[in-house]
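Data first, discussion second: the structure below is written as structure tokens.
Both ligands and their constituent atoms are indexed starting at 1 by order of listing. If you read the sequence from its start, that first residue is 1, and numbering goes on from there. Here the structure is a predicted model, which means the values were calculated and not measured.
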Amino acid sequence: MKIRSDALDRRTFLGHSGRAALAALAAAAMPEARATASGKIRLATVGTGSRGTATWGRTMMRTHGEYVELVGFCDINPKRVAKAPALTGVDAPTYLADEFDRMVKETRPDAVIITTTDCFHAGYAIRAMELGVNAICEKPLATEAKQCQDLLEAEVRTGKKIIVTFNARHGNPDEEIKKVLMSGELGRIISAEFEEYLDIHHGADYFRRWHGKMRFSGSLLCHKASHHFDQMNWWLDADPAEVHAFGRVAFYGKNHSFRASYCRKCPFTDRCKFYWDITKNKRYVQLYVECEDADGYHRDGCVWDNAIDTYDTMTVEVRYANGVLLSYSLNTYMPYEGQRIAFNGEKGRLDVRMYHRQPWEVKGEADFRLTKNFGGTKTWTVQASQGEHGGADAKLRDLLFKPGTPDPLEKAAGSRAGVMASLIGVAARRSIQTGERVKIADLISFPLAWRWK
Ligand SMILES: NC(=O)c1ccc[n+]([C@@H]2O[C@H](COP(=O)([O-])OP(=O)(O)OC[C@H]3O[C@@H](n4cnc5c(N)ncnc54)[C@H](O)[C@@H]3O)[C@@H](O)[C@H]2O)c1
């Protein structure tokens, strides 16, 4: 990882290397909690929806319960937060959103895990740090430029830390790409390509949920693509400098002849190919249907809702500070799911094709081909591991919580990584709206004297 030369910058980012840093910081920040607790890292959760109660709830307690304990749950929906103990199997106190401060003061966590709707991540991370607690935040770290600035300033002001849970760095093929690039086999990287294909199941699901409204998700350029922009920043070990983008709502939303408010209230279920019966999923009924009268949120919203303003079709070009040019696209209504990623170097090209859901048989999770300019070509296949997101979530939890987990690929991600990924999405959104090219350095005044090449 490139560390900028000024001392504050160096200290800040070296301090972001995962569990050890978090545990040491937490112990230093909350000595009274450490002295009385089991020695486990104490975590409080804000956002007790799907991710908060599963990956960072029941599953985490099953796989990493010897290292962490959940000490409190907070959510804006009183019915959903009341279910958190049963859904996670952890008998911890529950709090409403306006009781967040009280949760932190009463439960004395070492860190708050933030798994709310995207637009609220930054506010909770800042408040947690102001209350003397580190923040472990789901992606995207932020959905607006100002949030990025406020986050960086809060980290400096409070001396607390942000860790961003970029699990997409942890998949086997994603690690393999990093290894190839670190090996130097391609020489200097000159340009890169990333195509994301979301299919008519996974892709459509974004438009049923709050993600389809930009004010909640910052668009998929923040919500979804922050994974991909972070991966590119990490793979290339480079900072984005300038962004240009196009985007449209070209398939979902207003692009249809009939619509309803949500699937259970729809008179067109026999005609709509996107009709989805949430009542067949017991967990979703518990998490959403049984809680919807408290906040009016329908998890099975209509994909043809006229109010959908999140782009379903996007192309983005990024110029990196080191000169690399990235061409990125995201389409959300594909007949199959996966990615095509490529790097063009001085000495050759790496082609990666990832298969997440295809209507044809595939051998592994990803096919790799490395071709030398004046040499041969070699191919190999990388398999996914067992578990959520091809084993990536478990590896991320290891890095955060399991003592002694090494990090040779520098997968631990702090505020810098979170902000850089979000800012590409914010810049792309702005470029789509204004037609202008957007310089990352113009989006916020970086408080740490970062150097822009
Ligand atoms: N890294 C990954 O692979 C991955 C996968 C899924 C989700 N996520 C992230 O996790 C987060 C949660 O996603 P989800 O699928 O669980 O969504 P969800 O809708 O199931 O849960 C969001 C929860 O936040 C609560 N909430 C909304 N506004 C709030 C507020 N102001 N204060 C407190 N609580 C509030 C909602 O009531 C809900 O319980 C998102 O940011 C998403 O990007 C990451």
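- A salt bridge links K79 with D293: at least one charged nitrogen is closer than 4.0 Å to a carboxylate oxygen.
- Residue R299 places every heavy atom at 4.0 Å or more from ligand 1.
- Residue contacts with ligand 1: Y124 is placed with a nitrogen or oxygen under 3.5 Å of a nitrogen or oxygen of the ligand (distance criterion only).
- For the pair R299 and Y284, the cation-pi criterion (under 6.0 Å, within 45° of the ring axis) is fulfilled.
- With rounding to the nearest 0.5 Å, the separation of OG1 in T332 from CD1 in I200 is 11.0 Å.
- Here the heavy atom of the protein found nearest to atom 34 (N) of ligand 1 is I76 N, 3.3 Å.
- For F166, the closest heavy-atom approach to ligand 1 does not fall below 4.0 Å.
- Where the criterion is an N or O separation shorter than 3.5 Å, residue side chain and backbone included, D393 fails it with respect to ligand 1.
- Among the atoms of G47, none of the N or O lies under 3.5 angstrom from an N or O of ligand 1.
- Looking at D98, D75, T116, it is D75 that brings a heavy atom closest to atom 25 (C) of ligand 1.
- Counting only heavy atoms of the protein, atom 14 (P) of ligand 1 lies nearest to R51 N, 4.0 Å.
- By the 6.0 Å and 45° rule, R209 stacks over the aromatic ring of Y206.
- Annotation: atom 44 (C) of ligand 1 to nearest protein heavy atom, E138 OE1, 3.1 Å.
- Closest to atom 41 (O) of ligand 1 among all protein heavy atoms lies D118 OD1, 2.5 Å.
- Using a 4.0 Å cutoff on heavy atoms, Y288 counts as a contact of ligand 1.
- Separating the CD1 atom in I424 from the CG atom in L221 is a distance of 10.5 Å, to the nearest 0.5 Å.
- Below 3.5 Å of separation, one finds no N or O of Y297 facing any N or O of ligand 1.
- For F166 and H170, the gap between ring centers reaches or exceeds 6.0 Å.
- Backbone and side-chain nitrogen or oxygen atoms of R80 are examined, and one is located within less than 3.5 angstrom of a nitrogen or oxygen of ligand 1.
- Under the 3.5 Å distance criterion, the side-chain polar atoms of N255 are matched with a main-chain donor or acceptor of V249.
- Between E130 and R127, at least one side-chain nitrogen of the basic residue sits less than 4.0 Å from a carboxylate oxygen of the acidic one, meeting the salt-bridge criterion.
- Of all the listed residues (K83, H227, H121, H223), H223 holds the heavy atom that lies closest to atom 42 (C) of ligand 1.
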